[in-house]
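Working notes, structure below.
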Amino acid sequence: MMKHVLESSAEIPSPAHRLDFRMTRARPALSLLPALLWATWTSAQQPAPTPPPAPAPTRERLTFATVLERGQALLPPQPGLRWLPAGHDAAAVMPTADGNEVLFSGGPGAGLTATITDARTALAALGRPVAKDAAAALPQWTLLDATTVRLQTDDAVWHWPVAEAKATRVLTWPPTDARDDSAAVVIAPGDQRAAFVAGHELHVTDRQGHVRRLTWDGSADVVYGGAAHRAEFGIAGGLFWSPDGRRLAFYREDQRPIAAYPYQDLSATPPTPRAGRYPMAGRTHSRVTIGLWDSQDQSLRFLQHDAATDVYWTNLTFTPNGRGLCVAMVERGQDRLELVQFSVASGARERTLLTEQDAQWVEPEHGPTFLADGRFLWWSPRDGHRHLWLFDRDGKPLGQVTRGAFDVQELLGLATDQQQLWFMASGEDPRQRHLFAAKIDGTEVKQITRERGTHQCSLSADRQFAFDLWSNEESAPSPRFVNLQTGQVEALPAPPPPLLQYELPTSRLFQVKASDESILYGHVLLPAGMQEGRKYPVLLYVYGGPHLQLVTDQWLCGAPLWLHGLANDGYIVCRLDNRGTPHRGIEFEQVIHRKMGNLEVEDQLQAISWLKQQPFVDPARIGVHGWSYGGYLTLRCMLLAPEVFACGVAGAPVTDWAQYETGYTERYMDTPAENAQGYEASSCLPLAGKLQGRLLLVHGTDDRTVMWSHSLAFVDRCVDAGVLLDYFPYPMQTHRLVGKDRPHFLRLLKDHLDRYLKPGS
């Protein structure tokens, strides 16, 4: 709970602006609150003098070791709330002290206090009892009505009237392997059917247990029902049911045109090859088609397509009546898209509803949202920010619905009469997130939530209330109901986070300017109990790439908990969102087009310049760390500004964009043939000889996102240049370190920083 002092809406601090060391003390501990309340009450009852508040007890300091030991247990459990299908009653899950999750019901005006059931009882109803003293978690759940719970396990859907001892299994499918990226299960509306992939083939099962196999040529190279196009363009899955549950649309991705990639299983003796495909920039990528299966006549057909046309099939969306399927078709160059409607009865292309063009790139991440009368909403940055626009059923533009100097981040829903909608956006400060309402005719946009910070909202079925989980830099997450008409807030009780038992580092938000006068938002963590006159080392934590914003006005400011522990171990931790990151308008994002890895470094150095003006920063002890794009940016910082960084830790970095995947790379860089100079200027490989600070390079050997070869190529260039570095491969880990490897890496990272930045000196 830290005081916010470093910024003012009236003044943007320059890099020379200093942080006053005397203003880094934390607020009083929460334990003062009962004493202060007692003092207020007694003074109202009698004229006796108010006793002074008791001193706050000394708290244990949060450290890096504490975070590694306790991890997520330090953070507050939040209610997993679901609204009922009608009205504005709700239910939420909260854990008890003994680890048993309890499902409560209630709603606005009633809180969430009535017990529906608990996890142990639910698991017993599924025939999976657990011991009384064992922690028990509810499976994936929703409420079908006030007394019937829908539960989904790894192989079935169950309906359970809680008054009954046993739940009824309504759908069953073979268990899937969570490690298999091609495995998928998608349930039709009303739990009528389930589509699943097993043995590379697509199947459908119904409530009677009948299983129908739909495909016969699936393989590791011909993938059915997967997230095609490397899961770009908002693609998160590959199976799509029509609103009435009658038809299933699915991706078929033929990866055979992609050159084979030599993955290997290093856990075998001797290591064995593993089949794989990886489409690198400028090279041939997969061929994707869209299949349609009709449950009534069992027909299977594919959407009309030209095999010679190289396009991305994105954002599949059924029309409300289920008779049409809309696809946002993006050309390979990613500067033009067409929203095309196909007939589900024949698969024929019926009409083009709209087109979008942009000299830099187009990137649809949302399909059309249809109204009951056939009109639809479409996301577009055509006015400079990502907003919602209304079109008639034939694609004629009817006007802009949302407007403002911010990007719409989420469409929550439409009013029952479809004359109004609700959405989430930052508002005036891109670090915040608020709930807004807009009239469908575009005549009014109104901000509903007002408390500074970040709001995560969902709407009741009758659109009378929202559930809002709110926090800001100083305030831990707070659940509440919000009246959508009046904005009135009803706070819900929440236990204090265990993290507040510890002394946290001091948190500050700050601002600097880029070379084009853009405001850049940053955040620093300062060690608790800083000693005046002492200079501290710095860790610059970076990501800096598209789609990810680091600095947000929420509790902990979006910083991973281990960074807070690292700060209390004697580091100044700094993060900054450079140009190219989201929620700042399309121009702010697209400034990196054809020249990645350059302006991002320039902006991060603005944060370093600002830090160097602070009296407690040692400019000779500055390190940098990031993962994925952040690993790339770590290398770029150390190579383009070698005199600045004493050390760095680069995790799974891209080192040469010509070796990265087609859809992502070509969006931002075009192809290597079209932008040879840009690829050369953005590559880390030619700069290896400029490395001065001590680099730790880390990579999983089975990374399928940023290939292991990126790091090996950079190591090879360092050998050629006679440059020393530290290198650590994690055997058979993918792009995200999981399991025991994750804490091992964090200890490795801290050891490297401690060795070369010496925080205690």
Side-chain angles (χ1 to χ4, degrees), residues 520-525 537-552 557-564 566-567 571-582 592 596-608 611 622-642 644-657 660 664 668 682-684 687 691 693-700 703 705-708 710-711 714 725-728 730 733-737 741-742 745-746 748-753 756-757:
L520 305 175
Y521 295 101
H523 172 244
V524 290
L525 290 168
V538 170
L539 175 66
L540 180 67
Y541 180 82
V542 295
Y543 182 77
H547 296 291
L548 184 59
Q549 179 184 17
L550 289 184
V551 180
T552 52
C557 290
L561 198 54
W562 65 266
L563 285 180
H564 291 257
L566 188 71
Y571 289 89
I572 307 296
V573 177
C574 179
R575 300 173 303 134
L576 181 95
D577 286 319
N578 50 252
R579 285 172 289 176
T581 54
I592 64 171
M596 293 169 80
N598 294 284
L599 291 176
E600 301 98 307
V601 174
E602 179 184 308
D603 290 353
Q604 294 294 333
L605 292 177
Q606 288 293 95
I608 295 297
L611 284 164
I622 298 177
V624 58
H625 164 58
W627 195 273
S628 192
Y629 200 101
Y632 167 67
L633 197 52
T634 295
L635 291 182
R636 296 293 291 180
C637 284
M638 295 189 71
L639 298 172
L640 295 179
V644 172
F645 298 97
C647 72
V649 181
V654 171
T655 63
D656 181 12
W657 287 108
Y660 198 61
Y664 184 98
Y668 306 119
S682 296
S683 176
C684 298
L687 303 175
L691 185 65
R694 193 66 179 213
L695 171 68
L696 170 61
L697 187 59
V698 175
H699 215 131
D703 194 332
T705 303
V706 181
M707 314 308 292
W708 185 22
H710 280 268
S711 286
F714 188 77
L725 79 162
D726 298 304
Y727 172 62
F728 198 101
Y730 277 93
Q733 280 286 334
T734 57
H735 194 56
R736 295 176 61 250
L737 296 185
D741 297 61
R742 179 64 181 169
F745 164 69
L746 290 175
L748 182 69
L749 176 144
K750 187 170 186 297
D751 177 75
H752 187 81
L753 298 179
Y756 296 105
L757 298 183

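Because only heavy atoms are used, hydrogens play no part in the values below, and waters and symmetry mates are left out as well, while side chains stay in. All residue numbers refer to positions in the sequence shown, counting from 1. Keep in mind that this is a model prediction, so the values were computed, not measured.
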Which is it for L633 and V601 under the side-chain contact (heavy atoms from CB on, under 4.5 Å) test, yes or no, and what are the steps along the way?
CA-CA 7 Å; L633 197 52; V601 174; 3.7 Å; yes

Verify whether the ring centers belonging to H752 and Y756 lie closer than 6.0 Å.
yes

Hey, do the aromatic rings of W627 and Y541 have their centres closer than 6.0 Å?
no

Give a yes or no on whether the backbone of [Y] and the side-chain of [X] come within a donor-acceptor separation of less than 3.5 Å.
X    : Y    : value
D703 : W708 : no
Q604 : V542 : no
R694 : C647 : no
S682 : M596 : yes
D577 : Y521 : no

V649 pairs by side-chain contact (heavy atoms from CB on, under 4.5 Å) with which of L695, V624, L696?
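Single side-chain contact (heavy atoms from CB on, under 4.5 Å) partner of V649 among L695, V624, L696: L696.
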
So which heavy atom on [X] is nearest to which on [Y], and how close?
X    : Y    : result
L639 : L687 : CD2-O, 3.3 Å
Y668 : P546 : OH-CB, 3.3 Å
L525 : A567 : CB-CB, 3.8 Å
C684 : L635 : SG-CB, 3.8 Å
V654 : H710 : CA-ND1, 3.6 Å
L757 : A646 : CD2-CB, 3.9 Å

Do [X] and [Y] have side chains that get closer than 4.5 Å, going by heavy atoms?
X    : Y    : result
L605 : E602 : no
L691 : M638 : yes
L697 : P653 : yes
T705 : Y660 : yes
Y571 : V538 : no
H625 : L753 : no

Should I572 and L611 be marked as a side-chain contact (heavy atoms from CB on, under 4.5 Å) after you check the CA-CA gap, both sets of side-chain angles, and the distance that decides it?
CA-CA 9 Å; I572 307 296; L611 284 164; 4.2 Å; yes

Pairs satisfying side chain to side chain donor-acceptor pair (under 3.5 Å), at least one member in residues 630-639, at least two apart:
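For residues 630-639, and leaving out neighbouring residues, the side chain to side chain donor-acceptor pair (under 3.5 Å) pairs sorted by first residue read N598-R636, Y632-W657.
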
Once you round to the nearest 0.5 Å, how far does CG of L576 lie from CG of L520?
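Those atoms lie 5.5 Å apart.
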
Calculate, to the nearest 0.5 Å, the distance between atoms CG and CG belonging to D751 and L746 respectively.
12.5 Å

Parallel under 30°, tilted from 30 to 60°, perpendicular over 60°: which one fits the rings of Y730 and F745?
perpendicular

Under 3.5 Å, is there a donor-acceptor pair between the [X] and [Y] side chains?
X    : Y    : value
Q549 : Y543 : no
S711 : H699 : yes
N578 : E600 : no

Give the intermediate values and the outcome of side-chain contact (heavy atoms from CB on, under 4.5 Å) for residues S628 and R736.
CA-CA 9 Å; S628 192; R736 295 176 61 250; over 6 Å; no

